[in-house]
Amino acid sequence: MPDVVVEAGPALLLQLAQQGQVDAGNSGSPGFRSTTFANTVSTVCGITDTPLPVPVPASSPHRPRVRIVTVVRLTGRMDDVIWETARDARAWLDAANGTGDAELTFRLLKLTEEAGEAAAAWIGVLGQNPRKGVTHTRAEVAAELADVAFTALVAIESLGLDARTVVSACAAKARTRLA
């Protein structure tokens, strides 16, 4: 019997565990314990057209399982860590290298360097260079893009501006274009 994959956040997992609706199946995958579990998952996750398997005894080799994919979302707390780390990185660079125009120029050029690394990683995903072939994954491209974003936050802070305020204003401007 195939697994049913359900996206569930930690709160749902905790709720189901407290209700005794989730138990460990083979390979550590959570398994159906009762129809209540199936009904809870279908209700919380909005699965209405997909029939969920009927539970069978735990000893059955054909026992249906549900693989729950935990969705991790940034909370206000993690969000604060990002902005604080950008400010701390700026302060660290200020202490090490000073705050003159030349240093600010280097920080802006660092942004271009990071963007180049993201582009190189994408070329590696595509295998564009026949001598090298496929050298990178999409996850590596995403990591390079995150470097670009973080470097931009540090550069904004280095301009003497609050990166959170500047990025929020940019998002608001983009939001108006989407409407």
Side-chain angles (χ1 to χ4, degrees), residues 4-19 22 30 40-50 66-129 132 134-179:
V4 175
V5 179
V6 176
E7 275 193 5
L12 173 62
L13 291 176
L14 180 61
Q15 173 191 352
L16 295 173
Q18 288 171 340
Q19 294 172 356
V22 179
T40 303
V41 170
S42 67
T43 301
V44 173
C45 297
I47 302 171
T48 53
D49 298 324
T50 307
V66 63
R67 285 187 294 132
I68 299 178
V69 180
T70 303
V71 179
V72 177
R73 290 190 172 82
L74 294 179
T75 64
R77 208 166 126 199
M78 177 53 82
D79 188 52
D80 290 340
V81 170
I82 294 167
W83 307 114
E84 289 169 11
T85 304
R87 278 190 292 278
D88 291 347
R90 182 215 25 97
W92 177 73
L93 287 169
D94 288 353
N97 300 334
T99 58
D101 286 344
E103 176 59 22
L104 182 56
T105 300
F106 295 136
R107 292 181 198 180
L108 294 172
L109 289 173
K110 180 69 175 171
L111 184 59
T112 304
E113 176 193 356
E114 295 295 344
E117 290 176 12
W122 182 245
I123 289 169
V125 166
L126 299 178
Q128 182 66 27
N129 184 336
K132 294 180 180 179
V134 174
T135 58
H136 290 78
T137 65
R138 285 176 178 257
E140 290 170 320
V141 174
E144 293 296 345
L145 290 170
D147 287 347
V148 172
F150 188 76
T151 302
L153 296 179
V154 173
I156 292 167
E157 290 285 337
S158 296
L159 289 168
L161 302 169
D162 178 64
R164 174 183 260 160
T165 302
V166 172
V167 172
S168 294
C170 180
K173 182 172 73 174
R175 172 71 56 198
T176 61
R177 292 179 185 156
L178 298 174

Check: Do any N or O atoms from the side chain of Glu157 and from the backbone of Ala163 form a donor-acceptor pair under 3.5 angstrom?
Finding: yes
Least distance between heavy atoms, [X] atom then [Y] atom:
X      : Y      : value
Asp162 : Thr165 : OD2-OG1, 2.6 Å
Val81  : Thr85  : O-OG1, 2.6 Å
Leu145 : Ala118 : CD2-CB, 3.8 Å
Ala86  : Leu153 : CB-CB, 3.9 Å

Notebook entry, point to check: Does atom CD of Glu113 have more than 12 heavy-atom neighbours from other groups under 6.0 Å away?
Noted result: yes
Item checked: Over 12 non-hydrogen atoms of neighbours within 6.0 angstrom of CZ in Phe106 -> no
Any chance you could measure [X], atom [atom1], to [Y], atom [atom2], to the nearest 0.5 Å?
X      : Y      : atom1 : atom2 : result
Leu109 : Glu114 : CG    : CD    : 12.0 Å
Lys173 : Leu178 : NZ    : CG    : 12.5 Å
Thr151 : Ile156 : OG1   : CD1   : 11.0 Å
Ile123 : Lys132 : CD1   : NZ    : 9.0 Å

Checklist line | Worked verdict on Arg164 versus Asp80 for side-chain contact (heavy atoms from CB on, under 4.5 Å) | finding: CA-CA 9 Å; Arg164 174 183 260 160; Asp80 290 340; 2.8 Å; yes
Within-4.5 Å side-chain heavy-atom neighbours: [X] and [Y]:
X      : Y      : value
Trp122 : Val125 : yes
Thr99  : Leu104 : no
Leu111 : Val148 : yes
Val141 : Glu144 : no

Item checked: Exercise: do Trp83 and Asp79 side chains pair donor with acceptor under 3.5 Å -> yes
Item checked: Exercise: do Arg107 and Ser158 side chains pair donor with acceptor under 3.5 Å -> yes
Check: Is Arg87 paired with Glu84 through a side-chain N to carboxylate O contact shorter than 4.0 Å?
Finding: no
Notebook entry, point to check: Does the pair Glu140 and Thr137 meet the rule for a side-chain contact (heavy atoms from CB on, under 4.5 Å), with working shown?
Noted result: CA-CA 5 Å; Glu140 290 170 320; Thr137 65; 3.3 Å; yes
